[in-house]
Amino acid sequence: MRKVLIVGAGQSGLQLALSLLNHDYDVTVMSARTPDEIRSGKVMSTQCMFHSALQHERDHRLNLWEDETVKVEGLGVSIAGPDSSRVLDWFGPLEQYAQSVDQRVKMAGWLELVEERGGKVVIHGVTTSDLAPLAKLYDLVVIAAGKGELVQLFDRIPERSPYTEPQRALSLAYVHGLEPRPEHPDKAAVRFNIIPGVGELFMIPAYTLSGNCDILFFEGIPGGPLDCWNDRPSPQQHLDRILSLMKQFLPWEYERSKHAVLTDEKATLAGGYTPVVRNAVGKLSSGTLVLGMADVVVANDPITGQGSNNASHCAASYLDSILERGDKPFDAEWMTAAFEKYWEYAQHVTTWTNAMLQPPPPHVLQIIGAAGQNPAVAKRFANGFSDPTDFQHWFLDPAKAEKYLAEA
């Protein structure tokens, strides 16, 4: 039985661990926190997982919260004018619903599931010096901890990483008490509100420790009015500031949010990070090679909501590569090939996400405007969040966009 060590207890690491257990691998997961510590900690992210990523969880019986989690049935887009009026608004239905489960719920539950299904869990923060002697005990070591010292094992790839600093100031709050969107009161949807030159507000229906909720998530252009979190406000002050910014820039969303309350005292988060693509092969001081995955090697800004989806696809792709390897060694050549197989998908997400961080070119403005008049355009844009590889065929290229809009 081949032995695999996975360092990191997030979406990618735990999904890979649990899927390998289904194939009778000897799996150990190292986590810096216990399940109870995860549940009682601060929120870690926003997330909305679309159909193709959710299916990976269903395939391995990991969809433990699917029945009780609100179903996201579409994507709505609004644009604010200079006077904070709503100058454009439309809704695109998803062909298959999406869902968002608070990572405090999911990662704690999955970590317990690893042991229930015969895996080993070691609660210990890991440094590179810790890892060197441990790695020799395993056939494969996977680094799935996207933050901290271990990331430094993997070199940035300049030609795949156009940014050298964060492109958005991020802030979020998990809340109860939002009223339904009047335009589609019977359909839960991610709302994508664009404030030109200022940033974006996403409103994401989700499931948390206290049941279904909504996530209010601002992405602010650095140096602008949404980049205002360095003073580290208290949780209530954080929510009050989010609501105040909504009232100023997006009054139609504020009206249904003004009675929102935090889901708990650890339901706020602020920060930012630099989008980057890294080499997937790292070397420890002992000479042992380790494989990076998901956010360790492909970290995108959350403006396209693809972080947890990418992590799920990476875990599924790596699973296939590991199974195909059989009893052969997990050497550098295999690690590089495993990453490049995943990159065939992830490159499309990275290209699209990096494009969305820039001011929209004329052809993208035409697409967004056309979606308000033509439901087929709105639907295609919405469903691209489940299959980002589609955007290369119409959204990212001016000539292809012109051809598509003429046909649509």
Side-chain angles (χ1 to χ4, degrees), residues 11 42-51 53-54 57 65-66 68-78 89-94 96-107 168 170-181 183-195 199-220 226 238-239 242-243 245-246 250 252-254 256-257 260-264 266-271 300-312 349 353 356 381-386 388:
Q11 174 75 39
K42 286 179 68 71
V43 291
M44 296 180 278
S45 68
T46 61
Q47 64 285 308
C48 187
M49 297 188 68
F50 295 88
H51 172 69
L54 290 176
E57 297 186 359
W65 304 274
E66 184 164 7
E68 56 259 57
T69 300
V70 58
K71 294 177 172 58
V72 177
E73 298 182 80
L75 173 76
V77 174
S78 296
D89 178 68
W90 50 261
F91 173 84
L94 291 171
Q96 304 282 348
Y97 62 79
Q99 289 188 316
S100 172
V101 177
D102 184 344
Q103 290 197 358
R104 294 178 298 178
V105 174
K106 181 187 284 189
M107 302 318 152
R168 291 292 188 273
L170 312 175
S171 62
L172 65 91
Y174 281 56
V175 300
H176 291 306
L178 256 65
E179 298 174 4
R181 188 64 188 267
E183 294 84 354
H184 47 83
D186 299 327
K187 289 185 181 294
V190 171
R191 296 297 314 186
F192 180 10
N193 296 279
I194 302 169
I195 313 166
E200 302 82 24
L201 170 70
F202 294 86
M203 305 174 76
I204 307 168
Y207 178 83
T208 188
L209 300 161
S210 51
N212 285 312
C213 67
D214 288 272
I215 305 171
L216 308 178
F217 174 41
F218 265 124
E219 291 227 349
L226 304 182
H238 191 117
L239 174 59
I242 284 178
L243 293 174
L245 291 167
M246 291 174 67
L250 304 162
W252 64 90
E253 295 290 25
Y254 171 77
R256 71 186 187 100
S257 309
V261 296
L262 292 171
T263 60
D264 59 270
K266 296 184 178 179
T268 61
L269 189 67
N300 291 315
D301 188 279
I303 193 169
T304 55
Q306 295 299 304
S308 57
N309 294 276
N310 262 8
S312 177
V349 179
T353 303
M356 292 291 285
F381 180 79
N383 285 279
F385 283 73
S386 182

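As the structure is a prediction and not an experimental result, all values here were calculated from the model. Each residue takes its place number in the sequence, starting with 1. All heavy atoms count here, side chains included; hydrogens, waters and symmetry mates do not.
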Is it the case that the side chain of Ser100 and the backbone of Gln47 share a donor-acceptor pair, with hydrogens and angles ignored and the cut-off at 3.5 Å? yes

Side chains of Asp214 and Ile204: closer than 4.5 Å at any heavy-atom pair? no

Is it true that Asp264 and Lys42 make a salt bridge, defined as a side-chain N closer than 4.0 Å to a carboxylate O? no

Contact check, side chains of Leu245 and Leu226, non-hydrogen atoms, under 4.5 Å: yes

Between Glu66 and Glu57, is any pair of side-chain heavy atoms under 4.5 Å apart? no

Measuring from Glu253:CD to Met203:CE, what's the distance to the nearest 0.5 Å? 4.5 Å

Leu250 side chain near Ile195 side chain, heavy-atom distance below 4.5 Å: yes

How about Asn193 and Glu200: does a side-chain donor come under 3.5 Å of a side-chain acceptor? no

Could you grab the distance from atom CG of Leu243 to atom CG of Leu216, nearest 0.5 Å is fine? 6.5 Å

Spatial distance of atom CG (Asn383) from atom CZ (Phe50) [nearest 0.5 Å]: 9.0 Å

Flag the pair Asp186 and Arg181 as a salt bridge only when some basic side-chain nitrogen lies within less than 4.0 angstrom of an acidic carboxylate oxygen. no

Answer whether the closest heavy-atom distance between the side chains of Ile303 and Glu219 falls below 4.5 Å. yes

Any carboxylate oxygen within less than 4.0 angstrom of a Lys/Arg side-chain nitrogen, looking at Lys71 and Glu73? no

Indicate yes or no: at least one non-hydrogen side-chain atom of Phe381 is less than 4.5 angstrom from one of Val77. yes

Whether the Thr353 and Thr304 side chains hold a donor-acceptor pair (N or O, under 3.5 Å, no angle test) is what I'd like checked. yes

Would you say the side-chain atoms of His238 and Ser171 include a donor-acceptor pair closer than 3.5 Å? no

Who passes ring-ring contact (aromatic ring centres under 6.0 Å, His included) against Tyr97, sequence neighbours left out? none

Taking the side chain as every heavy atom from C-beta outward, state whether Phe218 and Arg168 have any pair of such atoms under 4.5 Å apart. no

Minimum heavy-atom distance between Ala382 and Pro93, given as atom pair plus value: CB-O, 4.2 Å

Less than 4.5 Å apart, side chain to side chain, heavy atoms only: is that true for Phe202 and Ile215? no

Less than 4.0 angstrom from a charged side-chain N to a carboxylate O is my criterion; do Asp102 and Arg104 meet it? yes

